[in-house]
Amino acid sequence: MDEAYINLINAIILQAFKDYRWSAMRLRRDPTDFEAQKLIHDIETFCRSEWLTMLTEVDGEYLLGKIKEYT
């Protein structure tokens, strides 16, 4: 697999991790924050999607568990 492709996949997953943490922090301050709720929902959907399985062999549920572990 091309190194640039691997770097892109890693960047996508890292951004999902950062966005999830940001959203979780916002929800702790304001549980009604619609933008944060939507972003978390979108990231959870991404982690369970076929698209993720096309990008990487990492199990999406495992990845989601790790993201939640560090938030």
Side-chain angles (χ1 to χ4, degrees):
M1 188 179 302
D2 187 343
E3 185 177 344
Y5 183 68
I6 293 170
N7 290 337
L8 176 60
I9 293 166
N10 289 335
I12 291 169
I13 292 171
L14 180 59
Q15 190 61 51
F17 176 81
K18 289 178 181 179
D19 290 347
Y20 196 99
R21 287 185 63 184
W22 176 83
S23 295
M25 287 186 335
R26 284 186 57 170
L27 285 175
R28 280 193 286 278
R29 284 182 285 187
D30 179 10
T32 64
D33 185 327
F34 177 75
E35 181 182 357
Q37 290 174 358
K38 182 173 181 344
L39 193 51
I40 283 181
H41 175 266
D42 290 347
I43 293 166
E44 290 175 349
T45 300
F46 165 71
C47 287
R48 295 179 176 113
S49 72
E50 285 187 40
W51 187 51
L52 180 68
T53 61
M54 287 190 286
L55 294 175
T56 181
E57 293 180 8
V58 175
D59 178 61
E61 289 296 330
Y62 173 81
L63 178 63
L64 188 55
K66 287 298 180 183
I67 290 172
K68 288 180 178 183
E69 184 179 318
Y70 290 99
T71 54

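Scope of the values below: all heavy atoms of this structure, side chains included, with no hydrogens, waters or symmetry mates.
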*asked:* Could you check whether any side-chain N or O of S23 sits under 3.5 Å from a backbone N or O of Y20, counting only pairs where one atom can act as donor and the other as acceptor?
replied: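 Not at all, since once roles are kept as given, no pair shorter than 3.5 Å links the two residues.
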*Evaluate the criterion side chain to side chain contact (heavy atoms under 4.5 Å, CB included) for residue pair I12 and W51; output intermediate values, then yes/no.*
CA-CA 12 Å; I12 291 169; W51 187 51; 4.1 Å; yes
Atom of [X], atom of [Y] and distance for their closest heavy-atom approach:
{"X": "C47", "Y": "L63", "value": "SG-CD2, 4.1 Å"}
{"X": "L64", "Y": "R48", "value": "CD2-NH2, 3.3 Å"}
{"X": "S49", "Y": "L52", "value": "OG-N, 3.2 Å"}
{"X": "T71", "Y": "A24", "value": "CB-CB, 4.2 Å"}
{"X": "Q37", "Y": "L27", "value": "CG-CD2, 3.6 Å"}

*So does K38 pair up with D42, basic N to acidic O under 4.0 Å?*
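Between D42 and K38 there is a salt bridge, with a charged N closer than 4.0 Å to a carboxylate O.
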Rounded at 0.5 Å granularity, tell me how far [atom1] in [X] sits from [atom2] in [Y].
{"X": "F17", "Y": "N10", "atom1": "CZ", "atom2": "CG", "value": "13.5 Å"}
{"X": "Y62", "Y": "E69", "atom1": "OH", "atom2": "CD", "value": "8.0 Å"}
{"X": "D2", "Y": "N7", "atom1": "CG", "atom2": "CG", "value": "8.5 Å"}
{"X": "D59", "Y": "K66", "atom1": "CG", "atom2": "NZ", "value": "12.0 Å"}
{"X": "I67", "Y": "I43", "atom1": "CD1", "atom2": "CD1", "value": "6.5 Å"}

Note, [X] side chain near [Y] side chain (heavy atom, < 4.5 Å):
{"X": "Y5", "Y": "L55", "result": "yes"}
{"X": "T53", "Y": "E50", "result": "yes"}
{"X": "K18", "Y": "L14", "result": "yes"}

*Residues which pass salt bridge (charged side-chain N to carboxylate O under 4.0 Å, His left out) with R21, listed by chain and number, not counting sequence neighbours*: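 With neighbours one apart ignored, the set is empty.
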*Hydrophobic cluster membership, L39 vs M25, 4.5 Å side-chain cutoff*: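 No, L39 and M25 fall in different hydrophobic clusters.
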*Are I6 and M54 joined in one hydrophobic group, where the rule is that I, L, V, M, F, W and Y side chains link up if heavy atoms are under 4.5 Å apart?*
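Same cluster.
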